[in-house]
Amino acid sequence: MASLTVPPVPTSPRQDAIDLHRAFKGFGCDSTTVISILAHRDAAQRALIQQEYRAAFHQDLARRIAAELSGHHKRAMLLWILDPAARDATILKQALTGDITDLRAATEVICSRTPPQLQTLRQAYRARFGCHVEHDVAERASGDHQRLLLAYLAAPRCEGPRPAAAAEDPELDARDLYRAGERRLGTDERAFIRVFTERRRAHLTAVARAYRHMYDRPLEAAVKSETSGSFRFGLLTILRCADSPARYFAKVLRKAMKGLGTSDSALIRVVVTRAEMDMQHIKAEYHKMYGRSLADAIHYETSGNYRTFLLSLVGRDRAYY
């Protein structure tokens, strides 16, 4: 369930474009107006606003935002105005080919998305950057981690009801994983890649239940003991998102804001990609696990227009004074 709130009466994209242009004019930027408009429009409305802005003022809205805003607020807003597939593609491109390679972010984006989302991501990546995402993954990742990401991008997994003729057997897969890992000396990584990339989320959850029942040990613990590094992180991301994407992203947000300093890249990435999807569920999981609201945590870890923008997307759970 999305946390994004939009006006009950449809707004005029042209009027929104005019109001944004006025907010950009003069000395300084009226960030309050920019946030009040863009943080409360869905993807289709934002696309129309960008079309109207380009037609009326002969300039890309993204380019104007880049010139008027700064810091984390600018980074978050530039990602937000994109449609979901283009946003994921942009995050992935920056993670793979930016000044600093961020394989953790790239792995999170790929391994937490559903097959339809990955299909549109691949198309958007090709359209925006003129190359296949698989090429950039192959260039930056290596070994079993590379093989996992490429297989997950390519494998056609049906996430709907199980077909009548399907031959998937959770106990068989659990047995294969046990034989590939804890039962033997060394690990057969190919078996883990096959099961984790070819099985539906519901089936993989059933495999985890079967593994615990058959071997009195969580499958997640087996993954942690038998694998390492980015490969382990990818497998755990797939497994945890199969069980509960909301719980997974609540933990990502907690880690981003826990301790000294804030991982703003992770905070921005999760908020802007989940606000139109399942942020309400993430907020509920966050409160259940950590005993405080997500809005409260964001309020105390951020400041200024950056804070206002993120809270507009997440939704305030109480008044701040």
Side-chain angles (χ1 to χ4, degrees), residues 1 84-85 88 106-122 133-134 137 141 144-184 187-228 230-252 273-274 277-278 281-282 284-285 289:
M1 186 177 181
D88 277 350
T107 302
E108 177 192 290
V109 170
I110 293 172
C111 294
S112 66
R113 298 321 190 239
T114 64
Q117 289 172 332
L118 288 175
Q119 182 179 2
T120 57
L121 182 157
R122 292 166 65 197
V133 63
E134 293 86 350
V137 168
D144 294 316
H145 180 224
Q146 179 199 85
R147 285 184 278 275
L148 175 70
L149 296 184
L150 292 176
Y152 203 73
L153 282 165
R157 297 173 299 279
C158 174
E159 296 292 354
R162 180 177 175 178
E168 296 176 359
D169 183 344
E171 292 189 0
L172 179 60
D173 281 338
R175 189 175 300 114
D176 287 346
L177 291 174
Y178 180 71
R179 291 172 176 173
E182 294 185 301
R183 184 180 175 182
R184 57 175 283 170
T187 305
D188 179 5
E189 290 83 359
R190 294 172 300 175
F192 280 85
I193 292 173
R194 175 180 57 80
V195 173
F196 276 67
T197 63
E198 295 180 7
R199 299 303 187 243
R200 300 170 302 126
R201 284 183 170 181
H203 178 81
L204 193 56
T205 301
V207 172
R209 287 197 300 267
Y211 196 97
R212 179 186 284 273
H213 176 74
M214 295 165 67
Y215 306 111
D216 196 28
R217 181 170 165 82
L219 178 56
E220 181 169 320
V223 170
K224 289 180 179 178
S225 66
E226 295 296 322
T227 62
S228 61
S230 296
F231 180 52
R232 174 201 287 170
F233 177 69
L235 292 175
L236 290 176
T237 300
I238 294 170
L239 185 61
R240 290 167 178 171
C241 285
D243 179 54
S244 172
R247 189 178 305 120
Y248 171 81
F249 283 110
K251 290 180 178 180
V252 173
T273 59
R274 311 309 293 192
M277 294 180 57
D278 55 358
H281 297 303
I282 294 171
E285 287 291 341
M289 289 190 290

Going from CG on L153 to OG1 on T197, what distance comes out if it is rounded to the nearest 0.5 angstrom?
10.5 Å
Can you list everything that forms a side-chain hydrogen bond (donor to acceptor under 3.5 Å, both in side chains) with Q117? Sequence neighbours excluded, please.
T114
Counterpart residues, side chain to side chain contact (heavy atoms under 4.5 Å, CB included), relative to R209 (two or more places apart):
T205, A206
Kindly compute the distance separating CG (L177) from CG (D173), expressed to the nearest 0.5 Å.
6.5 Å
Heavy atoms of A141 and L149 approach each other most closely as CB-CD1, 4.3 Å
Derivation and outcome, side-chain contact (heavy atoms from CB on, under 4.5 Å), residues S225 and R217:
CA-CA 11 Å; S225 66; R217 181 170 165 82; 3.3 Å; yes
Qualifying residues under side-chain hydrogen bond (donor to acceptor under 3.5 Å, both in side chains), relative to Q146, sequence neighbours excluded
none
Please table the atom pairs, donor to acceptor, closer than 3.5 Å between any side-chain atom in residues 244-252 and protein atoms at least two apart or in another chain.
residue: S244; atom: OG; partner: R247; partner atom: N; Å: 3.1
residue: R247; atom: NH1; partner: D243; partner atom: OD2; Å: 2.7
residue: Y248; atom: OH; partner: T237; partner atom: OG1; Å: 3.4

Can you find a pair of side-chain heavy atoms, one from D144 and one from T227, that are under 4.5 Å apart?
no
Work out which heavy atom in L235 is nearest to a heavy atom in F196; give both atom names and the distance.
O-CE2, 3.5 Å
Does a sphere of radius 6.0 Å around CE in M1 hold more than 12 heavy atoms from other residues, nucleotides or ligands, not counting ones at 6.0 Å or beyond?
no
How far apart are the closest heavy atoms of R122 and E134, and which atoms are they?
NE-OE2, 2.9 Å
Are R240 and C111 close enough that some pair of their side-chain heavy atoms sits under 4.5 Å apart?
no
Got L236 and K224 here, is their nearest side-chain heavy-atom distance under 4.5 Å?
yes
Measure the spacing between NE2 of H203 and CD of E198 and express it to the nearest 0.5 Å.
10.5 Å
List for me each residue that meets side chain to side chain contact (heavy atoms under 4.5 Å, CB included) alongside R190, sequence neighbours excluded, and say none if there are none.
D188
Tell me every residue that passes side-chain hydrogen bond (donor to acceptor under 3.5 Å, both in side chains) with Q119, counting only those two or more places apart in sequence or in another chain.
none
Taking it one step at a time, do Y152 and I193 satisfy side-chain contact (heavy atoms from CB on, under 4.5 Å)?
CA-CA 8 Å; Y152 203 73; I193 292 173; over 6 Å; no
Do L148 and F192 make a side-chain contact, defined as non-hydrogen atoms from C-beta onward lying under 4.5 Å apart?
no
Listed partners of E171 passing salt bridge (Lys or Arg N to Asp or Glu O under 4.0 Å), at least two apart
none
Run the numbers on L118 and D88 for side-chain contact (heavy atoms from CB on, under 4.5 Å), then give the verdict.
CA-CA 9 Å; L118 288 175; D88 277 350; over 6 Å; no
CA sep, side-chain torsions, deciding dist, call: Y178, M214, side-chain contact (heavy atoms from CB on, under 4.5 Å)
CA-CA 10 Å; Y178 180 71; M214 295 165 67; over 6 Å; no
Reported CG-to-CZ distance for the pair L239 and R201, which is rounded to 0.5 angstrom
11.0 Å
With sequence neighbours left out, write down each residue that passes side-chain hydrogen bond (donor to acceptor under 3.5 Å, both in side chains) with T187, or none if nothing qualifies.
E226
Restricting to ring pair (Phe, Tyr, Trp, His ring centres under 6.0 Å), what partner residues turn up for Y211, sequence neighbours left out?
Y215
Partners meeting side chain to side chain contact (heavy atoms under 4.5 Å, CB included) with S228 (sequence neighbours left out):
R232
Can you name the salt bridge (Lys or Arg N to Asp or Glu O under 4.0 Å) partners of R175, sequence neighbours left out?
none
